[in-house]
Chemist: 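Next up is a structure, given as structure tokens.
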Amino acid sequence: MNFKGRDFLRILDFSEEELRFMLDAAKRFKEMKHAGENHKYFPGKNIAVLFEKTSTRTRCAFEVAGYDLGMNVTYLDPTGSQMGHKESVADTARVLARFYDGIEFRGFKQETVDDLAKYADVPVWNGLTDYCHPTQALADFMTIEEKLGGFSGKTLAFVGDTRNNVANSLMAMAAKMGMNFIACGPNELHPSEDIVNACRPIAEKNGATITITDDINALNDTADAIYTDIWLSMGEDKEKWGERIDQLQSYRVTMEMINKAKPGCIFLHCLPSFHDLNTSVARDVHEKFGVEEMEVTNEVFESEHSVVFDEAENRLHTIKAVMYLTLTDEYNQ
Ligand code: CP
Ligand code: NVA
């Protein structure tokens, strides 16, 4: 295992063993956190967390993980630096690498985080791009393992906008962990061939399958875990809400869908979620299109099947594991 100095840009950059090791490290960090054990391993280190898009979980998880590890954290919001408008990503990366021991970046384009990583000679951690959301997938698989006891022979179904960033990382993680994966949504929102072609041989090698379908009945008696995400991601044109609702309405996660899946089926969502009218976006959409619940019903979201807040907590432990492993000398052999 050699993690030191490595970037965390996408799931497929890491081997099965390395991802397994990260999940195990996250488990240990969770135990330490719950036991109140000090784990300030990096006093004096500094990290920067850069956000071109808004965030609650990812920002707070990186900040708290940084503090828990004894580090100092600088947060730069979408308008808080020169990057992109007055200074290139390449120049920004080379400057920040002189100040910081690691850099988190959330942005619009995967190329930006790739560029940042290319020019910064410290670890760069991807906190979400248009293409993927790798730290999310780590937390999701930690949660699945906690709730289902393992991955082999089990099936994760992602329902809805199956070509989005979260779905891409989940497919990659399922392939690596040997868990069957179903992407279930309308044909025009199916994952790109590139990502399916990259993941399928890995899944096969690990004894798992990848199914791409527009038929929600594919989940019946099959899905051990059902996952969905919002129908319009950050950075997409807001004018598309109407079209997306038409495309995805029949893919809403309902109690009927959960009841037809495997007994004990769990429900996952990266959050934030539009499961009620308690947000301004949901109220706007409701006013324009008359939809009260979007990707998941409130009944499912609030049910005993739902593990969404465990999943949110696990963002902290998994992000801490990624930062720890890429900064420590301990596994640098
Ligand atoms: N799931 C997730 O990434 O949430 P935030 O957008 O709040 O960071
Ligand atoms: N697909 C969503 C995920 C948010 C965590 C988005 O990109 O907005």
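The figures here come from the full heavy-atom set of this structure, side chains too, leaving out hydrogens, waters and symmetry mates. For ligands, and for the atoms within them, numbers begin at 1 and follow the listed sequence.
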Chemist: Val166 to ligand 2: N or O pair under 3.5 Å?
Modeler: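 No; the residue has no nitrogen or oxygen that sits under 3.5 Å from a nitrogen or oxygen of the ligand.
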
Chemist: Are any side-chain N or O atoms of Asn168 and backbone N or O atoms of Tyr131, one a donor and one an acceptor, separated by less than 3.5 Å?
Modeler: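 Checked: pair present.
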
Chemist: Regarding Thr135 and Trp125, is there a side-chain donor-to-acceptor distance under 3.5 Å anywhere?
Modeler: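 No - no donor-acceptor pair under 3.5 Å links their side chains.
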
Chemist: Flag Gln136 as yes when one of its N or O atoms lies below 3.5 Å from any N or O atom of ligand 1, and as no otherwise.
Modeler: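 The answer is yes, given that Gln136 and ligand 1 share an N or O pair closer than 3.5 Å.
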
Chemist: Looking at atom 8 (O) of ligand 2, what's its closest protein heavy atom, distance included?
Modeler: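 Nearest neighbour among protein heavy atoms for atom 8 (O) of ligand 2, to 0.1 Å: Met234 N, 2.8 Å.
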
Chemist: Which atoms from ligand 1 have a heavy atom of Arg315 less than 4.0 Å away?
Modeler: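 Close to Arg315: 1 (N), 2 (C), 3 (O).
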
Chemist: Is the closest heavy-atom distance from Lys53 to ligand 1 below 4.0 Å?
Modeler: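 Contact check Lys53 vs ligand 1: negative.
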
Chemist: Name the closest protein heavy atom to atom 4 (O) of ligand 1, giving the residue it belongs to and the distance to 0.1 Å.
Modeler: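 For atom 4 (O) of ligand 1, the nearest protein heavy atom is Arg57 NE, 2.8 Å.
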
Chemist: May I ask you to check if ligand 1 and Ser55 share an N or O to N or O distance below 3.5 Å?
Modeler: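 Among all N and O atoms of Ser55, at least one is under 3.5 Å from an N or O of ligand 1.
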
Chemist: Does the distance from a Lys or Arg side-chain N to an Asp or Glu carboxylate O, for Asp130 and Lys109, drop under 4.0 Å?
Modeler: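 Counted as a salt bridge, because a side-chain N and a carboxylate O are separated by less than 4.0 Å.
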
Chemist: Pick whichever of Ser55, Cys132, Ser233, Ala167 has a heavy atom sitting closest to atom 6 (C) of ligand 2.
Modeler: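 Heavy atom nearest to atom 6 (C) of ligand 2 belongs to Ser233.
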
Chemist: Which of the atoms in ligand 2, numbered in the order shown and given with their element, are less than 4.0 Å from a heavy-atom of Asn164?
Modeler: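 Those of ligand 2 that fall under 4.0 Å from Asn164 are 1 (N).
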
Chemist: Looking at Thr56, which atoms of ligand 1 are within less than 4.0 Å of one of its heavy atoms?
Modeler: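 In order of numbering, the contacting atoms are 5 (P), 7 (O), 8 (O).
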
Chemist: Atoms of ligand 1 less than 4.0 Å from His133 heavy atoms?
Modeler: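 Reading through ligand 1 atom by atom, the close ones are 2 (C), 3 (O).
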
Chemist: For His275, check ring pair (Phe, Tyr, Trp, His ring centres under 6.0 Å) against everything at least two apart and list the hits.
Modeler: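 Here the qualifying residues are Phe301.
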
Chemist: Heavy-atom contacts under 4.0 Å between Leu271 and ligand 2: side chain, backbone, both, or neither?
Modeler: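 Contact part for Leu271 vs ligand 2: backbone (N, CA, C, O).
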
Chemist: Do we get Arg59 above Tyr75's six-membered ring, with its NZ or CZ under 6.0 Å from the centre and within 45° of the axis?
Modeler: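 Geometry flag: set, cation within 6.0 Å and 45°.
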
Chemist: Would Leu128 count as a contact residue for ligand 1, given that I'm defining contact as a non-hydrogen atom of the residue lying under 4.0 Å from a ligand atom?
Modeler: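 Not so, Leu128 does not reach ligand 1.
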
Chemist: Hydrophobic clusters here meaning ILVMFWY residues chained together by side-chain heavy-atom distances under 4.5 Å, can you tell me if Val285 and Val253 are in one?
Modeler: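 Same cluster.
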
Chemist: Using heavy-atom distances only, which candidate in Ile230, Asp229, Thr54, Asp130 approaches atom 3 (C) of ligand 2 most closely?
Modeler: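 Considering heavy atoms of Ile230, Asp229, Thr54, Asp130, the nearest to atom 3 (C) of ligand 2 sits in Asp229.
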
Chemist: When you check the gap from the basic side-chain N to the acidic O, do Lys260 and Asp221 get nearer than 4.0 Å?
Modeler: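 The answer is no: the pair does not qualify as a salt bridge.
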
Chemist: May I ask you to check if ligand 2 and Asn165 share an N or O to N or O distance below 3.5 Å?
Modeler: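 So ligand 2 has an N or O lying under 3.5 Å from an N or O of Asn165.
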
Chemist: What protein heavy atom sits nearest atom 6 (O) of ligand 1, and how far away is it?
Modeler: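 Closest protein heavy atom to atom 6 (O) of ligand 1: Arg106 NH1, 2.9 Å.
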
Chemist: Could you check whether the rings of Phe29 and Tyr324 sit parallel, tilted or perpendicular, using 30° and 60° as the cut-offs?
Modeler: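 Judged by the thresholds at 30° and 60°, the geometry between Phe29 and Tyr324 is perpendicular.
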
Chemist: Looking at Asn206 and Ile202, would you say the former's side chain and the latter's main chain have a donor-acceptor pair under 3.5 Å?
Modeler: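 Indeed, once roles are kept as given, a pair shorter than 3.5 Å links the two residues.
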
Chemist: Classify the ring geometry between Phe14 and Phe3 as parallel (under 30°), tilted (30 to 60°) or perpendicular (over 60°).
Modeler: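 Parallel: the ring planes of Phe14 and Phe3 meet at under 30°.
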
Chemist: Starting from atom 4 (C) of ligand 2, find the nearest protein heavy-atom neighbour and note its residue, name and distance.
Modeler: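 Sorting protein heavy atoms by distance from atom 4 (C) of ligand 2 puts Leu128 CD1, 3.9 Å first.
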
Chemist: Show the atoms of ligand 1 that are less than 4.0 angstrom away from any heavy atom in Cys270.
Modeler: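 The atoms of ligand 1 under 4.0 Å from a heavy atom of Cys270 are 1 (N).
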
Chemist: Do any nitrogen or oxygen atoms of Leu271 come within less than 3.5 Å of a nitrogen or oxygen of ligand 1?
Modeler: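 By distance alone, the answer is yes.
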
Chemist: Regarding Lys30 and Glu146, does a basic nitrogen lie under 4.0 Å from an acidic carboxylate oxygen?
Modeler: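 Salt bridge present between Lys30 and Glu146.
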
Chemist: Hey, is Glu311 close enough to Arg57 for a salt bridge, meaning N to O under 4.0 Å?
Modeler: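 Looking at Arg57 together with Glu311, the answer is no, because their closest N to O distance does not fall below 4.0 Å.
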
